[in-house]
There are 2 protein chains.
Amino acid sequence: MDVTIYEVAKRAGVSIATVSRALRGTGPVAAKTRDKVLKAVEELNFTPSRLGVSLAEGRHAANGVVFPDLAGPYYTQVLLGYEEVAAELGRSVVILSTKGRTRVNDLIKDLAGRVDGMLIFGHAAPDPLVAELVRLGVRLVFVSRDPLPGADTIRSENAASARALAEHLAGHGYERFAFLGAPLTSGDDVDERWRGVRAVLGGAIEAVATREYTVDCGFDAAKKLLKGKRPEAIVCSDDEVALGALLAAEELGLDVPGDLAVTGWDDIMAARHARPALTTVRQPMRELGARAARALDELITGVRDTPRHLVLTTELVVRSSCGAHPPSAERPASPALSGGPRPLRDP
Amino acid sequence: MDVTIYEVAKRAGVSIATVSRALRGTGPVAAKTRDKVLKAVEELNFTPSRLGVSLAEGRHAANGVVFPDLAGPYYTQVLLGYEEVAAELGRSVVILSTKGRTRVNDLIKDLAGRVDGMLIFGHAAPDPLVAELVRLGVRLVFVSRDPLPGADTIRSENAASARALAEHLAGHGYERFAFLGAPLTSGDDVDERWRGVRAVLGGAIEAVATREYTVDCGFDAAKKLLKGKRPEAIVCSDDEVALGALLAAEELGLDVPGDLAVTGWDDIMAARHARPALTTVRQPMRELGARAARALDELITGVRDTPRHLVLTTELVVRSSCGAHPPSAERPASPALSGGPRPLRDP
DNA sequence: TGCATTTGTGTAAGCGCTTTCAGCACGCAA
DNA sequence: TTGCGTGCTGAAAGCGCTTACACAAATGCA
């Protein structure tokens, strides 16, 4: 990768300006000249240095993405949606994982220096730093957090879906609930879900924290919870925690949904395959990433300069883990769902 | 991000060379001068442009990674291990997913132009392109593929582990086997596993392809397979396919391991939580990524310039999906395991 | 005190591109 | 013939840094 535009120019017997024009198609170049240039490029196997181009153009043609960890399908799916669209827009994606890192601020600032803008998951970057980045003019898009001045935010709807889910469970006749995977950060997705279910169930639901939103942590927390005076239904912060809860129930010899109802959130692939199949709320993870990439592109190209806060719709996916339903009766949308998530029976 | 070193120099009343030296600690700078510079840097909130630095230094301080998809824990874990070490070495990570992409060659070449070296999973890059990259002097490390001249390769041991697994299954007395998730590419990990088990089981095992290495595909293929004259044991290409097979068995009312033994590969988190818990071969996924990052660093810094082919050891993890074992008898290593994977009973 | 080192700083030459600007040659209408 | 585009090309000025080199000032030592 060290043949430069000068060597091409020399070989083609033209100036570097002409080589550049011929290659990018900017400005007029005589057909004969272009051929000479392309021939030289071919022979020398020339690829323009990305650094030279970026420095001259004043843009990186790269986006960053900051996430806490890549554990589980959620981050992965969003990331894939993001990368796909970014590639389509001619941008590379630079990743940064913050979990367990020291000097996160420096890492994020360094990242900011090598991209035109970045996607940040939830609260993966500390608020003061975010403010500084905004002040410096870094283009930012946040996923899964509360709106924030000066930057775009994109998230899936949580509150209404959570209320719908809670009402569905209440419709089963349950009276004692637990919310497993209590929010560790206010303003993030899980926090909204918690507020949503609590708005419906009030004092009938208690919050139980898990260390992380993983199967293991869900398992541990659920086991502990179920050994005490156990709830009739566990609403989990996400599907992974819910899978952990299912395992804990099985280990304790509890039948789901007979002895205990369990619900998740996200509708990851494993939710459908779980036994029993998991009632959950589907959020469009890949689309979240894709939209974020497009939003970022708009900010970078300057098509738009005022922040926008987008909320994607979700679907309540009723399967068997929340309790027995009449075998084939199509469930009508409850009033609470209007304008919110559409309920959906899984085949 | 648009205050330059010139403005800092002006404000501090020194030359840009001095600013650079003060900031990087190269060359002598009087304490008083340094303070002036640092003060100016602080006041202007200066961060050196990554592009300027890279262009001058002649290095990107970034590594690439090319994978087909990010589906499932395997790629994710390797990626995390890689990113962690790369960050530790002061390098960013630029990702590129190839699945479903057109013009993959261009994407990879573009990536090559913005990094100092890259990690490529299996056969995610076509061989002719790889040859060209090697010729161009791009530093490359491959994960999970057969050794290849001119580049490092790192993989987990497959053949011996596969033989050990096959012998373990044979020890259960099974006589009719299927290998689910037949290799689509010769030379990759799954291919080695298939060769390994076949070396032991010979004609007693038949290969069954799946479209991809996912739970869904494993489920579909297993269902089809189990409806015919079914084998007594299914050796799966990886854990995800195996989880699909478990689900298919359940759906068909087959007891695992009573009616059918199933094994996986990788030991992803879900393997331990599956019902029944999955017998599998553990491979050090994060370490694979971490080692790749270090190997790449060696190639880039020039500490080493001859390719190296590394094979990490694996562990046979015997759980319940392969058949009943005496409750607490520690399983001795079979002779076939010497030098190969260490067997391990999971609590 | 004189001379050889250090030490500290600035100048300027890159690094590999893009793009403005000026200039040249040509064709065509006046 | 003059004048005026028009099409094509090259020189050169950046883009934001690092660093070799030159040089002045400060220091060490006899």
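Here is the naming used below: chain letters follow the sequence lines, and residue numbers restart at 1 for every chain.
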Enquirer: Return the set of residues passing side chain to side chain donor-acceptor pair (under 3.5 Å) with B:Q77 (not counting sequence neighbours), or none when no residue passes.
Expert: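 Side chain to side chain donor-acceptor pair (under 3.5 Å) list for B:Q77, sorted by chain: empty.
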Enquirer: Report the residues that fulfil side chain to side chain contact (heavy atoms under 4.5 Å, CB included) with A:L107, sequence neighbours left out, ordered by chain and then residue number.
Expert: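 With sequence neighbours excluded, A:L107 shows a side chain to side chain contact (heavy atoms under 4.5 Å, CB included) to A:L96, A:R101, given in chain and number order.
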Enquirer: Give the angle between the helix axes at the two ends of the helix from C:dT1-D:dA30 to C:dA30-D:dT1, taking five base pairs at each end and rounding to 10°.
Expert: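 Both end axes considered, the difference amounts to 50°.
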Enquirer: How would you summarise protein contacts on nucleotides 14-20 of chain D per nucleotide, using B for base, S for sugar-phosphate only and - for none, with heavy-atom distances below 4.0 Å?
Expert: BBBBBBB
Enquirer: Any side chain to side chain donor-acceptor pair (under 3.5 Å) pairs touching residues 55-69 of chain A, not counting sequence neighbours?
Expert: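 Only A:R24-A:E57, A:E57-A:R59, A:D69-A:K99 qualify under side chain to side chain donor-acceptor pair (under 3.5 Å).
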Enquirer: Got a sec, which pairs hit side chain to side chain donor-acceptor pair (under 3.5 Å) with one end in residues 25-41 of chain A, sequence neighbours left out?
Expert: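 Residue pairs with at least one partner in residues 25-41 of chain A: A:K39-A:E43.
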Enquirer: Under the ring-ring contact (aromatic ring centres under 6.0 Å, His included) test, which residues partner B:Y82, sequence neighbours left out?
Expert: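 Listed in chain order: nothing, the list is empty.
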Enquirer: How would you list, by chain and number, every residue that makes a ring-ring contact (aromatic ring centres under 6.0 Å, His included) with A:Y213, sequence neighbours excluded?
Expert: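 Here no residue qualifies.
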Enquirer: With sequence neighbours left out, what residues match A:D116 under salt bridge (charged side-chain N to carboxylate O under 4.0 Å, His left out)?
Expert: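 Expected list: A:R91.
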Enquirer: So, do A:D266 and A:P73 sit near enough that their side-chain heavy atoms are less than 4.5 Å apart?
Expert: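 SC-SC contact between A:D266 and A:P73 ruled out.
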Enquirer: Tell me which residues in residues 29-36 of chain B put a heavy atom below 4.0 Å from DNA chain C, sorted by number, or none.
Expert: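 Per residue number, the list reads B:V29, B:A30, B:T33.
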Enquirer: Excluding sequence neighbours, so at least two apart, what forms side chain to side chain donor-acceptor pair (under 3.5 Å) with A:E287?
Expert: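 Only A:R291 meet the side chain to side chain donor-acceptor pair (under 3.5 Å) criterion with A:E287.
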Enquirer: Could you tell me which residues satisfy salt bridge (charged side-chain N to carboxylate O under 4.0 Å, His left out) with B:D305, sequence neighbours excluded, listed by chain and number?
Expert: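 In terms of salt bridge (charged side-chain N to carboxylate O under 4.0 Å, His left out), with neighbours along the sequence ignored, B:D305 is linked to no residue.
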